[in-house]
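Reviewing the structure listed below.
Bear in mind that the values here come from a model prediction, so they are computed numbers and not experimental data. Below, read A as the first sequence line, B as the second, and so on, with proteins coming before strands; counting in each chain starts at 1. Scope of the values below: all heavy atoms of this structure, side chains included, with no hydrogens, waters or symmetry mates.
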Amino acid sequence: MKEQRFTVYLRRHCHLCEQMLQALQPWCQGYGLALELLDVDEDPVLAARFGERVPVLAQGDDTVCEFYLDETALTRRLDVERIGGELRGAGTYDRIYAIVRRIPAGKVATYGQIAAMEGRATARMVGYAMAALPGGSDVPWQRVINARGEVSERAGGGGTRRQRDRLEAEGVYFDARGHVDFSRAGWEGPDPAWLVHQGFQGAPRPGGVAGRAVAPDLRRRRL
DNA sequence: GTTGTGACCCATA
DNA sequence: CTATGGGCCACAA
């Protein structure tokens with residue numbers, strides 16, 4: 001397994017720098033990243049290049065992120081071969097499908113929830129992945145709904161009805177406005193150990209927040 | 001290489 | 001409650 005080299009440009013007594021190194025710790029252990037730490041104050045060229053803009057995480061000449069660890073950006077940079085479990089080297093859609101397959105009958109998850117677990121997808125991409133499924137797939141696509149608790153509308157129209165019918169056949173209840181109550185039917189996520197083994201992000205907080213049983217799409221959050 | 005195609009989500013107003 | 005605009009990107013042809 002080849003290691004992946006990254007460079008952190010930093011300076012001493014820098015709070016953000018220490019914070020980024022700490023955030024990188026589990027990535028080094030889990031994915032075998034090799035970090036090169038460069039103190040920009042020890043090299044006038046680097047000091048001129050970065051000024052106050054540290055820390056910077058870089059891969060070769062490419063900047064991955066500045067100031068805070070952007071885990072999404074880092075994930076994109078990682079060699080997919082490094083991801084463990086049966087999903088080693090799998091494409092994003094296959095990784096999404098693998099998570100969706102674990103939603104039990106009678107439960108639902110949101111696009112954003114799946115995306116947050118997958119780690120590098122967006123909610124929208126989860127929707128794209130569902131749309132790309134061939135007929136007769138073993139992926140229980142009907143169990144993925146939007147963040148408002150509704151079955152999403154789509155161009156065709158018939159698919160929407162079919163999704164609701166399948167969910168109701170599994171015992172999922174829709175209220176008069178066509179909404180699912182996440183506190184009753186919301187999926188809390190797969191076995192955390194399975195997620196970790198597959199190299200996914202952790203599950204959103206189980207149980208959820210009042211009024212929203214699942215975590216929103218965490219990707220968009222900026223620190 | 002390029003382009004077209006999609007089942008989203010959130011913050012506002 | 002609804003409407004709208006911006007942010008998004010993998011995949012197949």
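- The base of C/dG7 sits within donor-acceptor range of the side chain of A/Arg124, with an N or O pair under 3.5 Å.
- For B/dA7, the base has a donor-acceptor partner in the side chain of A/Tyr111 [N/O atoms by modelled type, under 3.5 angstrom].
- The salt bridge (charged side-chain N to carboxylate O under 4.0 Å, His left out) check on A/Arg12 picks up A/Asp39, A/Glu42, with sequence neighbours excluded.
- Side-chain proximity of A/Thr110 to the nucleotides C/dC8, B/dC9, B/dA7 is greatest for B/dC9.
- Atom CD in A/Glu118 sits about 15 Å away from atom P in B/dC9, given to the nearest Å.
- Between B/dC8 and A/Arg148, no contact under 4.0 Å exists linking OP1 or OP2 to a side-chain N or O.
- Take A/Cys17 and apply the disulfide bond (SG atoms under 2.5 Å apart) test, not counting sequence neighbours, and it matches A/Cys14.
- Nucleotides B/dG6 and C/dC8 place their C1' atoms 12 Å apart, quoted to the nearest Å.
- Residues meeting the salt bridge (charged side-chain N to carboxylate O under 4.0 Å, His left out) test with A/Arg53, sequence neighbours left out: A/Glu66.
- For the pair A/Glu153 CD and B/dG6 P, the computed distance is 16 Å after rounding to whole Å.
- The separation between A/Met130 atom CE and B/dT5 atom C1' is 16 Å, rounded to whole Å.
- Atom C1' of B/dG1 sits at a distance of 15 Å from the matching atom of C/dC11, rounded to the whole Å.
- Remark: A/Glu36 engages no residue in a salt bridge (charged side-chain N to carboxylate O under 4.0 Å, His left out) (not counting sequence neighbours).
- Applying the side chain to side chain donor-acceptor pair (under 3.5 Å) test to A/Asp61 and every residue at least two apart in sequence or in another chain returns nothing.
- Between C/dC9, B/dC9, B/dA7, one nucleotide has an atom nearer to the side chain of A/Tyr128 than all others, and that is C/dC9.
- For the pair A/Glu150 CD and C/dC1 C1', the computed distance is 12 Å after rounding to whole Å.
- For A/Met125, taking side-chain heavy atoms from C-beta onward, the closest of the listed nucleotides B/dG6, C/dC9, B/dC9 is C/dC9.
- Within residues 134-145 of chain A, the residues that place at least one heavy atom under 4.0 Å from DNA chain B are, in residue-number order, A/Trp141.
- Distance A/Ile114 CD1 to C/dC9 P: 19 Å, rounded to the nearest Å.
- Note that CZ of A/Phe6 and CG of A/Leu35 are 8.5 Å apart. Values are rounded to the nearest 0.5 Å.
- Remark: P of B/dC8 and CE of A/Met117 are 18 Å apart, rounded to the nearest angstrom.
- Atom CZ in A/Arg154 sits roughly 8 Å away from atom P in B/dC8 (whole-Å rounding).
- Taking atom OH of residue A/Tyr97 and atom P of nucleotide B/dA7, one finds them 13 Å apart after rounding to whole Å.
- A/Arg11 CZ to A/Glu52 CD: the interatomic distance, rounded to the nearest 0.5 Å, is 5.0 Å.
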